[in-house]
Number of protein chains: 2
Amino acid sequence: MNILTRRQREVFNYLRDNHDSFACPPSLNELCEGLGIVSRGSLYKHIMALIAAGLVEPFTGNKQGGIRLTQQVIEEDSTLPKGLPFIGSIAAGKPIEALATEGYMTVPDALKTDKPCYVLQVKGDSMIEAGIYDGDWVVIEQCSCAKNGEIVVALIEKSEATLKYIQQTAEQVLLLPANANMTALSYHPDQVEIQGVLVGQMRSYRFH
Amino acid sequence: MNILTRRQREVFNYLRDNHDSFACPPSLNELCEGLGIVSRGSLYKHIMALIAAGLVEPFTGNKQGGIRLTQQVIEEDSTLPKGLPFIGSIAAGKPIEALATEGYMTVPDALKTDKPCYVLQVKGDSMIEAGIYDGDWVVIEQCSCAKNGEIVVALIEKSEATLKYIQQTAEQVLLLPANANMTALSYHPDQVEIQGVLVGQMRSYRFH
DNA sequence: ACAAAAGAGAACAAAAAGAGAACAAATTAT
DNA sequence: ATAATTTGTTCTCTTTTTGTTCTCTTTTGT
């Protein structure tokens with residue numbers, strides 16, 4: 001049994017990473033498009049190599065066939081540690097509870113706590129002066145109270161979630177953006193519900 | 001069996017430190033890029049020396065071959081935890097090569113590339129306007145060239161490593177801080193050596 | 001100044017990867 | 001039903017990448 005070549009490995013990784021986004025076994029054309037290959041014949045050779053390697057098996061559910069991952073590979077994948085749940089993006093105006101887990105993200109221990117945490121992607125520039133940019137990921141510790149000066153995920157009027165500095169007294173809750181172009185918002189404590197405290201932040205520079 | 005030369009040792013260290021970031025046996029071209037060597041022929045000599053030293057062995061899994069670490073070397077290495085090597089801090093004035101791996105850090109896939117990467121902790125405020133703060137961690141892809149406008153780890157005069165924006169022409173290399181209080185530095189291309197390109201950034205808010 | 005080490009670059013054969021055409025069976029549309 | 005499209009499969013041909021070997025220049029240490 002031969003070891004995989006570079007391209008074969010890429011094809012396999014693609015299959016593994018996307019195996020649950022395919023409703024039914026993907027066709028060669030679909031895969032070509034996803035992998036950036038023009039010719040089905042070329043891809044076919046790679047698939048055959050993966051079958052020979054026992055990583056993928058022909059699918060016998062219907063006459064036309066298709067392929068799927070070996071049961072063993074699927075199990076391996078599902079036993080892998082998942083990391084923190086990635087919930088979606090914030091500042092889109094939806095409460096966190098309403099958002100389903102979209103996936104999982106492996107996060108360095110230094111960016112999380114030993115309490116339950118989740119990951120959000122930041123939309124908008126409301127925290128740029130705190131070094132949190134549009135598109136950044138933030139790690140949030142799930143809790144319902146915070147100290148003054150912390151950055152929190154706050155749900156306003158049970159409808160809109162935002163990431164802001166918090167400053168609270170008995171009479172009012174101040175939500176302060178870190179952006180000179182935006183204004184602080186003042187609420188009655190009953191109007192604001194804390195959904196978590198910022199414990200980590202991450203940014204990718206992979207695509208400029 | 002001869003003792004290794006300096007460069008051979010460097011090549012071996014590179015292979016050992018990154019052997020799990022290679023999906024399959026790395027090609028000479030890949031290694032050249034990672035090590036900053038232009039000529040495959042040059043690298044080939046080093047590889048042959050490592051094979052002669054028994055640290056690396058030709059890989060017979062597929063026709064085209066390739067190389068991999070000796071099983072013995074892998075076992076020595078695999079007792080270590082996974083993740084990216086954490087090298088230390090930057091802007092301390094020491095070249096990266098001089099710094100030993102201090103530990104390993106698990107990093108989200110989105111913050112790294114499929115090439116070998118390492119993690120540094122940032123000291124100082126030279127990049128605050130790019131949202132990179134004192135104490136942040138940065139993920140660096142190990143490579144020896146960069147596009148203009150990218151943020152790089154640059155080794156100046158073989159003695160001092162800094163994190164800066166780069167702007168290079170045939171005559172000069174500009175290293176631009178992201179801090180209005182600091183000035184850009186201009187060097188002759190020979191004075192500057194690129195040690196990697198920024199691909200990710202992380203910050204912990206756990207202790208204010 | 002000398003020798004060892006390191007690098008650049010060209011050349012070459014083999015392997016890998018890809019394009020594209022062809023065809024029959026299966027599927028879908030009309 | 002027939003026609004049109006999509007599927008897996010097989011084939012040849014071309015391009016790209018790979019390991020390997022060479023010669024020549026540059027760097028480095030003594």
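In what follows, chains carry the letters A, B, and so on, assigned in the order in which the sequence lines appear, proteins first and then strands, with residues in each chain numbered from 1.
- For B:Ile37 and C:dA8, the CD1 to C1' distance is 11 Å, given to the nearest whole Å.
- The shortest non-hydrogen separation linking B:Glu30 to B:Pro26 is OE1-CA, 3.6 Å.
- In this structure, the side chain of A:Gln195 does not engage the main chain of A:Ile140 through any donor-acceptor pair within 3.5 Å.
- If you take CG of A:Leu35 and C1' of C:dG18, they are 13 Å apart, rounded to a whole angstrom.
- Proximity of A:Glu141 to B:Tyr205: side-chain heavy atoms (C-beta onward) are nowhere separated by under 4.5 Å.
- At the phosphate of D:dT7, OP1 or OP2 sits under 4.0 Å from a side-chain N or O atom of A:Ser27.
- Inter-residue side-chain proximity for B:Ile47 and B:Leu31 is flagged as met; some heavy-atom pair is nearer than 4.5 Å.
- Applying the side chain to side chain contact (heavy atoms under 4.5 Å, CB included) test between B:Val152 and each of B:Leu163, B:Thr162, B:Ile166 identifies B:Ile166 as the sole match.
- As rounded to whole Å, 12 Å separates atom C1' of D:dG19 from atom CG of B:Leu31.
- Rounded to an integer number of Å, the gap from CG of A:Leu28 to C1' of C:dA25 is 15 Å.
- A:Arg206 contributes a side-chain N or O that, together with a main-chain N or O of B:Lys112, makes up a donor-acceptor pair within less than 3.5 Å.
- For B:Tyr44, a side-chain nitrogen or oxygen approaches OP1 or OP2 of D:dT20 to under 4.0 Å.
- Rounded to 10 degrees, the angle between the two end axes of the helix from C:dA1-D:dT30 to C:dT30-D:dA1 is 50°, with five pairs used at each end.
- Counting only distance, with no hydrogens or angles, the side chain of B:Arg203 and the backbone of B:Gly131 share a donor-acceptor pair below 3.5 Å.
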List, with names and distances, any nitrogen or oxygen atoms from the protein found under 3.5 Å away from nitrogen or oxygen atoms belonging to nucleotides 3-6 of chain C.
from: C:dA6; atom 1: OP1; to: B:Thr5; atom 2: OG1; distance (Å): 2.6
from: C:dA6; atom 1: OP1; to: B:Arg7; atom 2: N; distance (Å): 3.0
from: C:dA6; atom 1: OP2; to: B:Thr5; atom 2: OG1; distance (Å): 2.8

Please table the atom pairs, donor to acceptor, closer than 3.5 Å between any side-chain atom in residues 171-181 of chain B and protein atoms at least two apart or in another chain.
from: B:Gln172; atom 1: OE1; to: B:Ser186; atom 2: OG; distance (Å): 2.6
from: B:Asn179; atom 1: OD1; to: B:Asn181; atom 2: N; distance (Å): 2.8
from: B:Asn179; atom 1: ND2; to: B:Asp125; atom 2: O; distance (Å): 2.9

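- Screening A:Ile151, A:Val122, A:Asp134 for a side chain to side chain contact (heavy atoms under 4.5 Å, CB included) involving A:Met127 leaves a single residue, A:Ile151.
- Judged by distance alone with a 3.5 Å cut-off, a donor-acceptor contact links the side chain of A:Ser39 to the base of C:dG20.
- One atom, CZ of A:Arg40, and another, P of C:dA21, lie 12 Å apart when rounded to the nearest Å.
- One finds no side-chain N or O of B:Asn29 lying less than 4.0 angstrom from the OP1 or OP2 phosphate oxygen of D:dT17.
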